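What follows is a single structure, written as structure tokens, with notes after it.
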Amino acid sequence: MKISGSIAARYHEATKYNPTTIGNLPDADVRAQPSPFKDYHTERAVDLIAHLPSELFPEAAERASAPGSPDPNSRLARLSRLLYFTYGATARKVWEHGHQIFRAAPSAGGLYPVEVYLATEGVEGAPDALHNYYVPNHQLSPVFDGEWISELSALSYGAFDPTSVSAVMVLTGVYARSIWRYHQRAYRRILLDTGHVFGNVAAYASHEGFDVLPISCFHDDGVNGAFFFDPEQEQAQLLVAIMDRRGGGRAPTAVDWRRDDEFGASANQDFLEYHRASALSKSPRPVPRFSPSTASGNRPPVDLEFPPTLSTSPMAQLILERRSTRRFSGESVSWEQLCKVLRAAYDGIRDQLAGGQSAPSLQTPELLRTHVLVRDVTGLAPGIYELDPMLGSLNLFEEGDHSEAALRFGLGQDLVGQAAAVVIHSADLTTAIEQYGERVYRSLHMDAGVIGQFMNLAAMHHRVGISGIGGFYDDMVNETLGLSSDHGIMYVTAIGASA
Ligand SMILES: Cc1cc2nc3c(=O)[nH]c(=O)nc-3n(C[C@H](O)[C@H](O)[C@H](O)COP(=O)(O)O)c2cc1C
């Protein structure tokens, strides 16, 4: 890679899995697993359960029928459902020695390193405060009282108008929860997880009358300082401005990308070192957007000809039922199914790339490349394709069955080898970092996670099995796809028929 001075590039290189060194990584000590929850033990918790859809939650139905029951259309009720369908507890598994709570968003290893906070102002039923969303009780715990929205707008360099925003979500990473098992590479998975969580926000918000704007460029020290986070333990990854259409809020617009870094001098490849090197200060410089190039294969492109259907589906039900597939049957999926999943996931992104009106859901969509490795899709020749999001087509690069290579680069996981199709997101890190600076490495992972979540929801809707895959031998993926070493592999998603 040419950008040897970049800490992002060095961190990426140092955290690649490699068959000869992966065995040197220490095993996780099961007795030392950190709790996936943060309990602020407040007596002023804002109960959100009463606002959940009563047809899905008997407890909510009981509370809703009590005298003085809450208005289901109030802002607090709609925020309650937004939080629940973003990251709420949707399943529980009982093990021999305890139980595990599964959430609305998937998480690498089920470790849930992302913590959700919500700043509210003028929301009836909740104090103006920075709250923590406490998942086990579905409640807001006020952490710091006060009006925070103007402050968060200033710390986001004015990305949103504070007078039209009723809440701001802050998604953080609690590092130990994931480091515990994944060591230095945990940071990459935490960013992907953050993208999945925001994917739910973006998919669900409009159902409650909210417009949302993701903001990955913010003044790190300012935001983290507001929470008094210990930077070695937890830091903010993404802010989400939440505008209430019913309150006359203005629809958000795309944010300028900003950078103010020089390539760092550290020789360290520690994720915290990278995170620090990519922090933004008080007055970063805006950078003009990079123009995307379109993919062209060696055959006429195959059009993704089916109309998107995700927006008309019962989104809440989909999120509630979503689970990662644990085993594929090995059977084929149809071209129509694959096509619908890709179309549903990419339709809004295409609009964003084309400068359309829909709210942006990604930070740097023009930098991500999407390859689809087809093993067994009826109606589509096996081979390696590249998706062109602008044209809505798949371009065949190399015909042939590459499932053995997929099994190998997927750390031998059957889920990858038996997938009908494997979707791979990558980015030319040299170009990306030269253009946007160190921080782009964060947004590339979060964007890949957002697309991953859109694909998850679309796959649920079309009854196709799917799972994110964060563990892969990076260089082998490059080799399989014929990508130069400048390309960093962000994320792999396996799609197939559920066993
Ligand atoms: C970023 C990310 C990486 C993941 N990597 C893998 C993987 O390599 N192998 C696997 O079997 N599952 C993987 N998963 C799926 C998780 O194990 C799954 O989301 C988690 O167990 C929670 O279950 P649920 O998605 O059904 O709620 C990944 C999920 C995410 C979000």
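Counting starts at 1 for both ligands and their atoms, in listed order. Predicted model, so just to flag it, every value in this text is computed and none were measured.
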Enumerate the atoms of ligand 1 whose separation from the nearest heavy atom of [X] is less than 4.0 angstrom.
| X | answer |
| --- | --- |
| D193 | 1 (C), 31 (C) |
| S467 | 12 (N), 13 (C), 14 (N), 15 (C) |
| G471 | 8 (O) |
| R323 | 24 (P), 26 (O), 27 (O) |
| H196 | 31 (C) |
| R322 | 24 (P), 25 (O), 27 (O) |
| F102 | 22 (C), 23 (O), 27 (O) |

Among all protein heavy atoms in this structure, tell me which lies nearest to [atom], with the distance rounded to 0.1 Å.
| atom | result |
| --- | --- |
| atom 12 (N) of ligand 1 | R326 NH2, 3.1 Å |
| atom 4 (C) of ligand 1 | G468 O, 3.3 Å |
| atom 5 (N) of ligand 1 | G470 N, 2.8 Å |
| atom 10 (C) of ligand 1 | Q413 OE1, 3.6 Å |

To the nearest 0.5 angstrom, please state how far the [atom1] atom of [X] sits from the [atom2] atom of [Y].
| X | Y | atom1 | atom2 | answer |
| --- | --- | --- | --- | --- |
| I489 | M476 | CD1 | CE | 13.0 Å |
| Q184 | E273 | CD | CD | 10.0 Å |
| Y175 | I190 | OH | CD1 | 7.0 Å |

- line: Nearest heavy atom to atom 16 (C) of ligand 1, choosing from G110, G410, S107, A108, belongs to S107

is_close_aromatic(Y187, Y274), centroid dist under 6.0 Å: yes

- request: Would you confirm whether the ring centroid of F409 sits within less than 6.0 angstrom of the ring centroid of Y473?
  value: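 Not under 6.0 Å, so no.
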
- prompt: So which bit of L415 gets within less than 4.0 Å of ligand 1, heavy atoms only: side chain, backbone, both or neither?
  reply: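 Side chain only.
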
Going by distance only, is there an N or O of [X] that falls short of 3.5 Å from an N or O of ligand 1?
| X | value |
| --- | --- |
| Y491 | no |
| R189 | no |
| S324 | yes |
| L192 | no |

Six-ring centre of F218, R439 cation under 6.0 angstrom, axis tolerance 45°: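 Yes, a cation-pi geometry holds between R439 and F218.
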
message: Check for me whether R78 meets the cation-pi criterion with F210, that is, NZ or CZ under 6.0 Å from the six-membered ring centre and within 45 degrees of the ring axis.
response: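 R78 over F210 ring: yes.
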
Mutual orientation of the aromatic rings belonging to H445 and Y441 [parallel < 30°, tilted 30-60°, perpendicular > 60°]: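 Answer is perpendicular, since the angle exceeds 60°.
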
- request: Determine whether any heavy atom of Y112 lies closer than 4.0 Å to an atom of ligand 1.
  value: yes

query: Is a side-chain donor-acceptor pair under 3.5 Å present for T370 with Y346?
result: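 T370 and Y346 do have a side-chain donor-acceptor pair below 3.5 Å.
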
- request: Taking only Lys NZ, Arg NE, NH1 and NH2, and the carboxylate oxygens of Asp or Glu, determine whether R81 and E208 approach each other closer than 4.0 Å.
  value: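 Answer for the salt bridge query: yes.
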
message: Does any part of the side chain of V372, heavy atoms only, come nearer than 4.5 Å to the side chain of E386, both counted from C-beta?
response: no

